[in-house]
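Beneath this line is the structure, given in structure tokens, with notes to follow.
Per chain, numbering begins at 1; letters A, B, ... match sequence-line order.
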Number of protein chains: 2
Amino acid sequence: MPSRVPRKLASAPRPVASRIRRNRRPRGETAASRIYTDLRAELVSLARRPGEPISEAQIATAYGVSRTPVREAILKLSDEGLVEIFPQSGIFVSRIPIAALPETIIIRKSLEETTARTAAERASPSQLLDLHATIERQREACAAKDREAFHQADEMFHAGIAEVAGYPGIWKLILQVKVHVDRYRRLTLPQIGRMSEVIAEHGSILAAIEKHKPDIARAAMASHLERLLDNISEIQTLNPEYFDQPTW
Amino acid sequence: MPSRVPRKLASAPRPVASRIRRNRRPRGETAASRIYTDLRAELVSLARRPGEPISEAQIATAYGVSRTPVREAILKLSDEGLVEIFPQSGIFVSRIPIAALPETIIIRKSLEETTARTAAERASPSQLLDLHATIERQREACAAKDREAFHQADEMFHAGIAEVAGYPGIWKLILQVKVHVDRYRRLTLPQIGRMSEVIAEHGSILAAIEKHKPDIARAAMASHLERLLDNISEIQTLNPEYFDQPTW
DNA sequence: TTTCATATATTAGTATATCAGTTGAGGAGC
DNA sequence: GCTCCTCAACTGATATACTAATATATGAAA
């Protein structure tokens, strides 16, 4: 009983050096984290559609767990804006906030202008080869008309540039920010024709990085991402129930 | 009993139009949100010091609630990186990750270069007056040597520029990203001398915005925020237990 | 005194229970 | 048919209880 007080007093006023860097492991694979990962994938892939209700109890029984870890997962998804919680009413897959999409694309553009510019300053030959390989993989996916592989290679290219720049955290941030845009783009069946354009634009970016021309790389990345903005607001009445439209 | 099935089947395959925009209110002031807000303030203000343990049970009794809402708040803080959870061991105020600070400053710089540039394109006379007022408030705080008011006005200036640019979401994102830098800066007692420099730099930014010179505004903002980078890594051995240092 | 083993207390994660607010189907009245 | 009302069922938020894992205190052995 009295052991509690000394423990707290010993560490509260000033963490002792011995407390630094214990070999504690951060929380590993919990039921909550597993459910979170699964649910997030279902939401981003639109397997669960915008506006659709989500039942905590149903998921809990499906996973054979209680509602507690399910709730933890859903609360996290709520913070990300992927679901909306209405007290005593229900949890619903959030509709895509089209009005907010342009700003998130601009955020991404701002951040990737920086990674492209810095990558052009720092890229090593081996890193350049990796980026070339990624583009090549994208070409193959385009030839095979494999949308999924194309998209994966696309992400890898952008992540790779951030890596080369030495800013992997920037890519992680982008992943968080662009989630609604990803949902939107999955709705508008990506046109095959755009694929070769994307590859060409990636090629321009990489060429500038290879020549260590930061400003050109930045500009190439900027115009590449500006294409995203153009594609927004084309399909409006297509699936109106999926979008969070202003009250017209 | 049979009412459950029809309700689910009716909405699951396709959200019906009638379900759009009910007058449901999002979750309001819950016990969890109150505790989250309080705890976050304590963490950012360093009232709870890096490395210090946090007891769920203790907070629960302090607020007169159960562990559940406390846990919800702490999980959210864990996602933000303000606390670290070690299973079956304890929850601890996260140490300041100095190695990650430069990248977060660069993120902020990238984003605010955009807000400054766009603000210079769009600023209306009334908005310009607001920004001038904010700088004036900062001058008064400087004269009064009121650090807290100075810092508040500083935040308001940057938030105002994002607002003028039409990108309030960018400022919200910056608020999330810069939290560890804020903790760091609170540790290094902000030098009074720097205040007048900050005011001068803000003046340069605003002047460029006023003249609708996007590139100059962007550059002024960039150099303003680059000063943040200089101030890092000065105090290392000052309070080593507060920092998450590489294992030297 | 130091080292090692044991015991006890505390913890995060999860399970279960309770409560109050909301919804929507169905019925009464028109 | 239409409107309003009632009420049962479901929900999110919270409370309480349990479990396995970890750390610290204790004490024995060196």
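The two residues Pro168(A) and Glu163(A) have their closest heavy-atom pair at CB-OE1, 4.1 Å. Across Thr118(A) and Tyr167(A), no two heavy atoms sit closer than the pair OG1-CE1, 3.7 Å. When all heavy atoms of Ala32(A) and Ala73(A) are compared, the closest pair comes out as O-CB, 3.7 Å. The two residues Phe157(A) and Thr134(A) make their nearest non-hydrogen contact at N-CG2, 3.6 Å.
Closest approach to the Ser66(A) side chain among dT14(C), dG13(C), dT11(D) is made by dT14(C) (side chain taken as heavy atoms from C-beta onward). Side-chain atoms of Ser89(A) lie closest to dT23(C) of the nucleotides dT14(D), dT23(C), dT22(D). Closest to the Ala32(B) side chain, of the nucleotides dT14(D), dT11(D), dA12(C), is dT14(D). The side chain of Ile91(A) sits closest to dG12(D) out of dT14(D), dG12(D), dA12(C). When distances are taken from the side chain of Ser55(A) to each of dT11(D), dT14(D), dT11(C), the shortest belongs to dT11(D).
Annotation: salt bridge (charged side-chain N to carboxylate O under 4.0 Å, His left out) contacts of Arg71(A) (sequence neighbours excluded): Glu56(A), Glu72(B). Applying the side-chain contact (heavy atoms from CB on, under 4.5 Å) test to Ser94(A) and every residue at least two apart in sequence or in another chain returns Glu84(A), His180(A), Arg183(A). Legend: residues meeting salt bridge (charged side-chain N to carboxylate O under 4.0 Å, His left out) with Glu29(A), ordered by chain and number and at least two apart, are Arg34(A). For Asp182(A), the side chain to side chain donor-acceptor pair (under 3.5 Å) criterion is met by Lys178(A), not counting sequence neighbours. With sequence neighbours excluded, the residues satisfying side-chain contact (heavy atoms from CB on, under 4.5 Å) with Ser110(B) are Leu111(A), Thr114(A), Ile106(B). Residues satisfying the side-chain contact (heavy atoms from CB on, under 4.5 Å) criterion with Val181(A), sequence neighbours excluded, are Leu101(A), Thr104(A), Ile105(A), Arg185(A). Take Ala162(B) and apply the side-chain contact (heavy atoms from CB on, under 4.5 Å) test, not counting sequence neighbours, and it matches Thr115(B), Trp171(B). Residues meeting the salt bridge (charged side-chain N to carboxylate O under 4.0 Å, His left out) test with Asp79(A), sequence neighbours left out: Lys76(B).
Judged by a 6.0 Å distance limit and a 45° cone about the ring axis, Arg186(A) is not positioned over the six-membered ring of Tyr242(A).
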Any N/O pairs under 3.5 Å between the protein and nucleotides 5-7 of chain D? List them or say none.
none

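Here the P atom of nucleotide dA13(D) and the CD atom of Glu56(A) are 8 Å apart, to the nearest Å. As rounded to whole Å, 14 Å separates atom P of dT22(D) from atom CZ of Phe92(B). In this structure, Arg67(B) atom CZ and dA15(C) atom P are separated by 14 Å, rounded to whole Å. One atom, CD of Glu84(A), and another, P of dG12(D), lie 13 Å apart when rounded to the nearest Å.
Taking 3.5 Å as the limit, the base of dG12(D) and the side chain of Gln88(A) contain a donor-acceptor pair of atoms between them.
Note on the helix from dT1(C)-dA30(D) to dC30(C)-dG1(D): angle between the axes of the first and last five pairs equals 10°, rounded to 10 degrees.
A donor-acceptor distance shorter than 3.5 angstrom exists from the side chain of Arg122(A) to the backbone of Ala165(A), with no hydrogens or angles considered.
At a non-hydrogen distance threshold of 4.0 Å, nothing from residues 35-43 of chain B comes into contact with DNA chain D. Of the residues in residues 68-82 of chain B, Arg71(B) come within less than 4.0 Å of DNA chain C through at least one heavy atom, sorted by number.
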